[in-house]
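Here's the structure, in structure tokens; my notes come after.
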Amino acid sequence: MTDTTTSAVTQATRARAGATRARIVEAALQALRDEGIAGISARGIARHGGFNQALIFYHFGSVEGLLVAVAQRESERRSALYAPALADV
């Protein structure tokens, strides 16, 4: 493989990994909405997202790591939502 081909493959792999991570985070959010924090599990999250629970551990290391990613995403989303209103303060 040439450097250009290797670079393109690496970029495609990263893009797929990012899309998978986003799908897992979305499934975790849905599981939280449906089951609450006390009912959350890797199995339940995987069931909501239609994927193998091993993906959670591969991409996030643990359910706790996934929940941190969920909190970060929601914090960023809310900050962006409130930014226009806070600009006037």
Side-chain angles (χ1 to χ4, degrees):
M1 264 196 239
T2 65
D3 286 341
T4 304
T5 304
T6 302
S7 177
V9 169
T10 301
Q11 288 175 349
T13 300
R14 285 185 184 145
R16 279 194 310 274
T20 299
R21 287 176 64 88
R23 194 169 126 221
I24 295 168
V25 167
E26 194 57 45
L29 277 168
Q30 189 59 49
L32 282 167
R33 288 182 192 113
D34 292 349
E35 300 170 23
I37 191 70
I40 203 78
S41 68
R43 182 173 290 143
I45 295 167
R47 185 178 58 251
H48 275 84
F51 51 79
N52 188 308
Q53 67 188 27
L55 284 176
I56 294 168
F57 300 102
Y58 178 81
H59 286 280
F60 298 96
S62 65
V63 172
E64 290 81 12
L66 171 56
L67 293 177
V68 167
V70 168
Q72 287 173 333
R73 188 192 101 167
E74 283 302 292
S75 177
E76 290 168 2
R77 184 186 69 81
R78 288 178 185 221
S79 292
L81 190 67
Y82 299 133
L86 294 173
D88 295 337
V89 176

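Just the heavy atoms: all of them, side chains too, but no hydrogens, waters or symmetry mates, feed the values below.
Listed by chain and number, the residues in a side-chain hydrogen bond (donor to acceptor under 3.5 Å, both in side chains) with Asp34 are Gln30, His48 (sequence neighbours excluded). When the side-chain hydrogen bond (donor to acceptor under 3.5 Å, both in side chains) test is applied to Glu74, the partners found at least two apart in sequence or on another chain are Arg77. By the salt bridge (charged side-chain N to carboxylate O under 4.0 Å, His left out) test, Arg23 pairs with no residue at all, sequence neighbours left out. Every residue meeting the side-chain hydrogen bond (donor to acceptor under 3.5 Å, both in side chains) condition with Arg47, not counting sequence neighbours, appears here in chain and number order: Glu35. Partners of Arg14 by side-chain hydrogen bond (donor to acceptor under 3.5 Å, both in side chains), not counting sequence neighbours: none found. Under the rule for a salt bridge (charged side-chain N to carboxylate O under 4.0 Å, His left out), the partners of Arg73 that lie at least two apart in sequence or sit in another chain are Glu26.
For Ser62 against Gly65, the heavy-atom pair with the smallest separation is OG-N, 2.9 Å. For the pair Ala31 and Ile40, the tightest heavy-atom approach, listed with the atom from each and the gap, is CB-CD1, 3.5 Å.
The hydrophobic clustering, which links ILVMFWY residues whose side-chain heavy atoms are closer than 4.5 Å, places Ile37 and Val68 apart.
In this structure, Ser75 contributes its side chain and Ala71 its backbone to no donor-acceptor pair below 3.5 Å.
Annotation: side chain of Ile56 is in contact with side chain of Phe51 (closest heavy-atom distance under 4.5 Å).
Considering CG of Leu67 and CD1 of Ile45, their distance stands at 6.0 Å, rounded to 0.5 Å.
Remark: Tyr58 OH is loosely packed, at most 12 non-hydrogen atoms of other residues, nucleotides or ligands lying under 6.0 Å away.
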Query raised in the report: Going through the distances and angles, do Val25 and Phe60 end up as a side chain to side chain contact (heavy atoms under 4.5 Å, CB included)?
Result: CA-CA 10 Å; Val25 167; Phe60 298 96; 3.8 Å; yes
